[in-house]
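Hydrogens, waters and symmetry mates play no part in the numbers below; they use all other heavy atoms, side chains included. Keep in mind that what you see is a predicted model, and the values were worked out from it rather than measured. Below, read A as the first sequence line, B as the second, and so on, with proteins coming before strands; counting in each chain starts at 1.
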Amino acid sequence: MLQVNYIRENKEQVLERLSVKNFNQLELVDEIILLDDQRKSTQSQADDLLAKGNSAAKQIGELMRNGKKDEAEQLKSQTSQSKEDVKQLQENLAAIELELYQKLVQLPNLPHASVPLGKTPEENEVVLQNGEKPNLPSSALPHWELAAKYNIIDFELGVKIAGAGFPVYKGKGAKMQRALINFFLAEAEKAGYDEMMVPLLVNEASGFGTGQLPDKEGQMYHVGIDNLYLIPTAEVPVTNLYRDVILKEEELPIKNCGYTPCFRREAGSYGAHVRGLNRLHQFDKVEIVQIVHPDQSYEILEQMSLHVQSLLQKLGLQYRVLRLCGGDMGFTSALTYDMEVYSAAQERWLEVSSVSNFETFQSNRLKLRFKGKEGKTQLPHTLNGSALALPRILASILENNQTENGIKVPACLVPFTGFDFID
RNA sequence: GGAGAGAUGUCAGAGUGGUCGAAUGAGCCAGCUUGGAAAGCUGGUGUACUGGCAACGGUACCGAGGGUUCGAAUCCCUCUUUCUCCGCCA
């Protein structure tokens, strides 16, 4: 959520930045400023009346103590009249604040100056490409066929017990999952992230805090009886740990990581491109989150990007890094890098990580602040990234490392798997 | 799931209708003291909105939301949550 005062003071710039994100309801900006004016004047009217009421109440107390009942009664009847006015003003104020909030949450975050113009994923900027494309024989199989051939993932069994998009990992397949999770967590720990193991179901307030609610309600699984949501990413519980928190400046940066399963309804996406592990309702992911001083957030975004890249390098996967264009970026992000690995048998790039700087967009909504050295509270910047999401990584490992007789396990995983070959 | 008791500032902990944004103690910060430190003494020490160049004001907030009242931390209702006991159970 953007700050009203910022919008007010930088209106032209806000409009220009919003248009980079292909946001077209620019009239919202004026409406917000107008509502904020109304909010201020209504509140100050109410405050004035309340101040009068408070001093009258004090006088009445004074009179009662001195036994001047008649005068007190007279004052009582006077003040009881203005109560209705105060009530009316406060109702107006609440309505104005609600409308202001509803408009404010419709504005996406402002893109950073380096964000390229564009509307579609094709207009994302390829920042770098790294690694070798594997030389596969013409008989190379896509990962879903390899999974069946070596009996490591059973999609049909998942359909039986849950539905499409809920695979069952078997034997060495299951061990590969555990190995990847542990490898990613170990690397995150080496990079200074503190691990958090968090609830997989969250309440409404948390969904609002990170911005999944109300907009993306349809993307989350909802447990109606308890009004809880299954998390679509660890970002939700981990970031909400810091909701309504005032940190000390010396506590920054906060670096957390966490492994969780992630649940996404993915309503409306079916077809060949979501086959196998390409898109699931439940998948595993290690997430990294940082809360940092505003002066450092872009430097830290680069560090996080390098951390993710180091994982891909150790796994020996060919990858590329994209700087997302205005039209392809998420609602809450100011700058996002997507990491894609090459899936050699499918002959396409698969997104395996997304690293973003949200600047103050999340912290404002979360009421996450820090107290600076000069004693002033201000909003820190928040960042997060996948490091990494498992299914497409596994898909690429299976496809890219396939041989006639089986699949080679990347060396960095062997200490975690206990085997180096799947056959 | 049943019964009971709580939820107050950074923490501990008073406060049961008016002088309470809130005693007291601890912590923390600053000053005094000291060669330096400890102890001691003095002062300061919440958040948000808002007026003001500022000094300094106004309003709201004592788990959350409603209600009673001229006036609510204090009374009433609902919810959340913690603890104790019973029951159940990985």
Phosphate-side-chain proximity, A/Lys83 and B/G71, N/O vs OP1/OP2 below 4.0 Å:
yes
Expressed in whole Å, how much space separates the P atoms belonging to B/G40 and B/G57?
33 Å
P atoms of B/A39 and B/C29, separation to the nearest Å:
12 Å
Of all the heavy-atom pairs spanning A/Leu252 and A/Ile291, show the shortest one and how long it is.
CD2-O, 3.6 Å
Interatomic distance at C1', B/C88 relative to B/G2, whole Å
12 Å
Under a 3.5 Å limit for both distances, which nucleotide forms a Watson-Crick or G-U wobble pair with B/C85, could you say?
B/G2
Looking at B/G31, which nucleotide sits across from it as a Watson-Crick or G-U wobble partner, both distances under 3.5 angstrom, or is there none?
B/C41
With respect to the phosphate group of B/A48, does any side-chain polar atom (N or O) of A/Thr377 fall under 4.0 Å of OP1 or OP2?
yes
Would you check if the distance from the ring center of A/His381 to the ring center of A/Tyr298 is below 6.0 Å?
no
Carefully, step by step, assess A/Glu125 and A/Tyr337 under the rule side-chain hydrogen bond (donor to acceptor under 3.5 Å, both in side chains).
CA-CA 10 Å; A/Glu125 178 193 339; A/Tyr337 292 118; over 6 Å; no
Taking the P atom in each of B/G52 and B/U16, what is the distance between them to the nearest angstrom?
41 Å
Under 3.5 Å on both distances, the Watson-Crick or G-U partner of B/U69:
none
Strictly below 4.0 Å: does A/Lys371 bring a side-chain N or O up to OP1 or OP2 of B/U47?
yes
Opposite nucleotide pairing with B/U47, Watson-Crick or G-U, both atom distances under 3.5 Å:
B/A60
Could you give the distance separating B/A54 and B/C41 at their P atoms, to the nearest angstrom?
38 Å
With both distances kept under 3.5 Å, what pairs with B/G52, Watson-Crick or G-U wobble?
none
Rounded to whole angstrom, note down the P distance from B/U19 over to B/A60.
13 Å
Is A/Asn54 near enough to B/G18 that one of its side-chain N or O atoms lies under 4.0 angstrom from OP1 or OP2?
no
